[in-house]
Amino acid sequence: MFKRISALLLAGLTAMSVASCGGGGGTTTAGTGGGDEPITMGFSQVGAESGWRTANTKSVQDSAKNAGITLKFSDAQQKQENQIKAIRSYIQQKVDVIAFSPVVESGWDTVLKEAQNAKIPVILTDRAVDSKDTSLYKTFLGSDFVVEGKKAGEWLVQEYKDSTDKVNIVELQGTTGSAPANDRKAGFAEVIGADQKFQIVASQTGDFTRAKGKEVMEAFLKSQPDIDVLYAHNDDMGLGAIEAIEGAGKVPGKDIKIITVDAVKDGMQALADGKINFIVECSPLLGPQLMDLAKKVVKGEQVPTRVITVETTFTQEQAKQVLSTRQY
C-alpha cells in the first residue's frame with residue numbers, strides 16, 4: 001500500500017514539475033503559455049531616448065494587447081544593469097517568454113544562461129548581442145544596421161561622384177557599444193573607405209538623443225572649420241545638430257549636407273523641408289512580428305534565428321509624398 005501511494009505521489013510531483021518548468025516540443029516554458037493558454041511576456045526596453053524608441057514601445061504595447069499577451073514592461077533608462085535586473089525579475093516571476101532590446105552588445109551571457117536554465121525562451125528585438133553562444137536566445141528580430149550604414153555611404157558617394165575635392169565628414173554616433181552604433185559606423189566606413197576624398201574628421205557619440213546631438217555638433221563646429229557632411233546615426237541627433245548648425249549661422253542641408261537614420265516623423269519633416277538631405281529608414285513597428293514570434297517559441301515551434309525587417313530610404317521628394325501617412 002505504501003509503495004502504491006509513493007508511486008502516485010511521485011507521478012503527481014513529476015506532472016507538477018513539467019507544468020512549472022516546461023521546455024520544447026509544445027510544452028509550457030516557465031508558467032502558462034503552452035497551447036492556447038495566455039502568454040506572459042517580460043519586455044525590457046532600452047529607454048525613451050528618441051522618437052523612434054517611443055514609437056517602438058507603443059508598437060510593442062499595442063501589439064501585445066491585440067495578441068492577448070500579458071506584457072510586463074520595464075524601461076532600462078539606457079543602463080545595462082537595469083536591463084539585467086529586469087530580466088532576472090522576469091525569471092523569478094516565471095514569465096513565458098522574455099524579449100529585450102539590449103542597451104549594448106556585450107555582457108549578456110550570464111543572465112541569458114540563467115533564463116535558459118529556467119527554460120524561458122529569449123527573443124532579441126531591434127539590437128543584437130555579441131555572444132558566441134547563439135543557443136542563449138531563440139531569434140533576433142530587427143534591422144540590418146550594417147546595411148543601413150552602407151545605404152548612407154552609398155548615397156554620399158553618389159552625391160559627390162563628380163567631385164575631386166576632399167569631403168570632410170563629422171559623425172554623430174549612437175550609444176557607445178550598442179549594435180546600431182557599431183554597425184552603422186562600420187557599414188558607412190566600408191563604403192566611403194573606397195575613395196580617399198571622403199574623410200571622417202570627427203566622430204563622437206551623441207547617445208541617440210536630440211540634446212546630446214546638439215551639444216556635440218556645437219563642439220564639432222568650433223573644432224572643425226570646414227565641415228561638408230554630417231552623418232548622424234539617428235534622426236534625433238540629426239535634429240539636435242540642425243539647431244546647432246542654425247545657431248552657428250549656417251544653413252543645414254546646404255552649407256552642411258545631412259544624412260540620418262530612422263525616418264521618424266520629425267526627421268521626415270526636416271527632410272521634406274530640405275534641412276536633411278537623405279534618410280535611411282529603420283522601422284520601429286516591430287510589435288506584430290514580435291508577438292507572432294513569441295507565440296511560436298512558447299509553443300516550441302522552430303523560428304528563423306534572424307528575422308530582418310523590410311525598410312527603404314528617402315529623399316526630399318519621397319519624404320513629401322509619404323509624410324502625411326507616417327505612423328511614427
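Keep in mind the model is a prediction, meaning the values are calculated, not measured. This chain uses plain numbering: 1 for the first residue, then up along the sequence.
The main-chain N or O of Phe43 is found under 3.5 Å from a side-chain atom of Tyr90 such that the two form a donor-acceptor pair. Side-chain N or O atoms of Ser101 include one that pairs as donor or acceptor with a backbone N or O of Thr125 at under 3.5 Å. In this structure, the side chain of Asn234 engages the main chain of Phe208 through a donor-acceptor pair within 3.5 Å. With hydrogens and angles ignored, the 3.5 Å screen pairs no side-chain donor or acceptor of Thr175 with any backbone N or O of Ser178. Of the possible donor and acceptor atoms, none in the side chain of Ser59 sits under 3.5 Å from a partner among the backbone N and O of Ala55. For the pair Asp292 (side chain) and Pro288 (backbone), a donor-acceptor distance under 3.5 Å is absent. In this structure, the side chain of Asp228 engages the main chain of Asn168 through a donor-acceptor pair within 3.5 Å. No side-chain donor-acceptor contact under 3.5 Å links Asp183 to the backbone of Phe145. Of the possible donor and acceptor atoms, one in the side chain of Arg127 sits under 3.5 Å from a partner among the backbone N and O of Val103.
Between the CZ atom in Phe198 and the OG atom in Ser163 there is a gap of 8.0 Å [rounded to 0.5 Å]. Atom OG of residue Ser283 and atom CG of residue Asn56 lie 8.5 Å apart, to the nearest 0.5 angstrom. Distance check: Thr164 OG1 to Lys197 NZ gives 7.0 Å after rounding to the nearest 0.5 Å. A distance of 11.0 Å separates CD of Gln321 from CD of Gln316, quoted to the nearest 0.5 Å. Atom CG of Asp75 and atom CD of Gln78 lie 9.0 Å apart (nearest 0.5 Å). Lys85 contributes atom NZ, which lies 13.0 Å from atom CD of Gln80 (distance to the nearest 0.5 angstrom).
The existence of a salt bridge linking Glu215 and Lys212 is confirmed by a sub-4.0 Å separation between a basic side-chain nitrogen and an acidic carboxylate oxygen. With respect to Asp144 and Arg306, no salt bridge is recorded, no charged nitrogen being found less than 4.0 Å from a carboxylate O. Lys250 and Asp255 are not joined by a salt bridge, as no carboxylate oxygen comes within less than 4.0 angstrom of a charged side-chain nitrogen. One finds a salt bridge joining Asp266 and Arg210 here, because a Lys/Arg side-chain nitrogen approaches an Asp/Glu carboxylate oxygen to under 4.0 Å. For Asp273 and Lys275, the salt-bridge test fails: no basic side-chain N is under 4.0 Å from an acidic carboxylate O.
Transitive grouping of hydrophobic side chains (ILVMFWY, heavy atoms separated by less than 4.5 Å) keeps Val46 and Val264 in distinct clusters. By the criterion of side-chain heavy atoms lying less than 4.5 angstrom apart, applied directly or through intervening Ile, Leu, Val, Met, Phe, Trp or Tyr residues, Val201 is not grouped with Ile192; the two fall into different hydrophobic clusters. Under the 4.5 Å side-chain heavy-atom criterion for ILVMFWY residues, no single connected hydrophobic cluster contains both Trp52 and Leu271. Taking hydrophobic clusters as Ile, Leu, Val, Met, Phe, Trp and Tyr residues chained together by side-chain heavy-atom distances below 4.5 Å, Met268 does not share a cluster with Val280. Cluster membership check: Val229 shares its hydrophobic cluster with Val261, using side-chain heavy-atom separations under 4.5 Å among Ile, Leu, Val, Met, Phe, Trp and Tyr.
The closest side-chain heavy-atom distance from Leu136 to Asp109 is below 4.5 Å. A heavy-atom distance below 4.5 Å is not found between the side chains of Met217 and Met237. For the pair Gln93/Lys72, a side-chain contact is recorded, criterion being any heavy-atom separation below 4.5 Å from C-beta on. Within the 4.5 Å cutoff, the side chain of Val111 has no heavy atoms near those of the Phe100 side chain. Side-chain contact between Met41 and Met291: present, with at least one pair of heavy atoms (C-beta onward) separated by less than 4.5 Å. Contact of the Thr305 side chain with the Phe140 side chain is not registered, since no non-hydrogen atoms from C-beta on lie closer than 4.5 Å. Side-chain contact between Trp155 and Asn277 is present, with at least one heavy-atom pair separated by less than 4.5 Å. The shortest side-chain heavy-atom distance between Val95 and Ile120 falls under the 4.5 Å cut-off.
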Test side chain to side chain contact (heavy atoms under 4.5 Å, CB included) on Leu286 and Thr309; report intermediate values, then the result. CA-CA 8 Å; Leu286 306 182; Thr309 50; 3.2 Å; yes
Worked check of side chain to side chain contact (heavy atoms under 4.5 Å, CB included) between Phe278 and Gln158: CA-CA 12 Å; Phe278 187 71; Gln158 183 66 23; over 6 Å; no
Worked check of side chain to side chain donor-acceptor pair (under 3.5 Å) between Glu105 and Asn182: CA-CA 9 Å; Glu105 287 189 292; Asn182 293 342; 2.6 Å; yes
Determine, stepwise, if the pair Ser135 / Gln116 fulfils side chain to side chain donor-acceptor pair (under 3.5 Å). CA-CA 9 Å; Ser135 73; Gln116 187 180 65; 3.3 Å; yes
In sequence, state the C-alpha distance, the side-chain angles, and the governing distance for Lys214 and Ile242, and then conclude on side chain to side chain contact (heavy atoms under 4.5 Å, CB included). CA-CA 7 Å; Lys214 179 182 180 182; Ile242 287 172; over 6 Å; no
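Figure legend: cation-pi geometry between Arg184 and Phe188 absent, as NZ or CZ is not positioned both under 6.0 Å from the six-membered ring centre and within 45° of its axis.
Of the listed residues (Leu293, Thr40, Ile123, Val122), just one forms a side chain to side chain contact (heavy atoms under 4.5 Å, CB included) with Val97, and that residue is Ile123. With respect to Ile279, the side chain to side chain contact (heavy atoms under 4.5 Å, CB included) criterion is satisfied by exactly one of Ile258, Thr313, Asp235: Asp235.
Taking each heavy atom of Lys166 and Gln199 in turn, the nearest pair found is CE-CG, 3.5 Å. Contact record, Val216 with Gly206: CG2-CA, 4.5 Å, taken as the closest heavy-atom pair. Nearest approach of Gly267 to Ile276, heavy atoms of both residues: O-CD1, 3.8 Å. Minimum interatomic distance between Gln83 and Trp108 (heavy atoms only, all atoms of both residues): OE1-CH2, 3.2 Å.
Atom NZ of Lys138 has 12 or fewer neighbouring heavy atoms from other residues, nucleotides or ligands inside a 6.0 Å radius. Residue Lys265 qualifies as enclosed at atom NZ: its count of foreign heavy atoms under 6.0 Å is above 12. Annotation: Gln327, atom CD; neighbour count of heavy atoms from other residues, nucleotides and ligands within 6.0 Å does not exceed 12.
No hydrogens or angles considered: a donor-acceptor pair under 3.5 Å links the side chains of Tyr328 and Arg326. Remark: the Gln61 side chain and the Lys58 side chain contain no N/O donor-acceptor pair separated by less than 3.5 Å. Side chains of Gln173 and Ser203: a donor on one and an acceptor on the other come within 3.5 Å. Using modelled atom types and a 3.5 Å distance limit, the side chains of Thr315 and Gln318 yield a donor-acceptor pair. Using a 3.5 Å distance cut-off with no hydrogens or angles, the side chains of Gln45 and Ser74 do not pair a donor with an acceptor. The closest side-chain donor-acceptor pair between Asp207 and Thr205 falls under 3.5 angstrom. Remark: the Glu148 side chain and the His233 side chain contain no N/O donor-acceptor pair separated by less than 3.5 Å. Side chains of Glu311 and Ser143: a donor on one and an acceptor on the other come within 3.5 Å. Side chains of Glu114 and Thr110: a donor-acceptor N/O pair is absent below 3.5 angstrom, by distance only.
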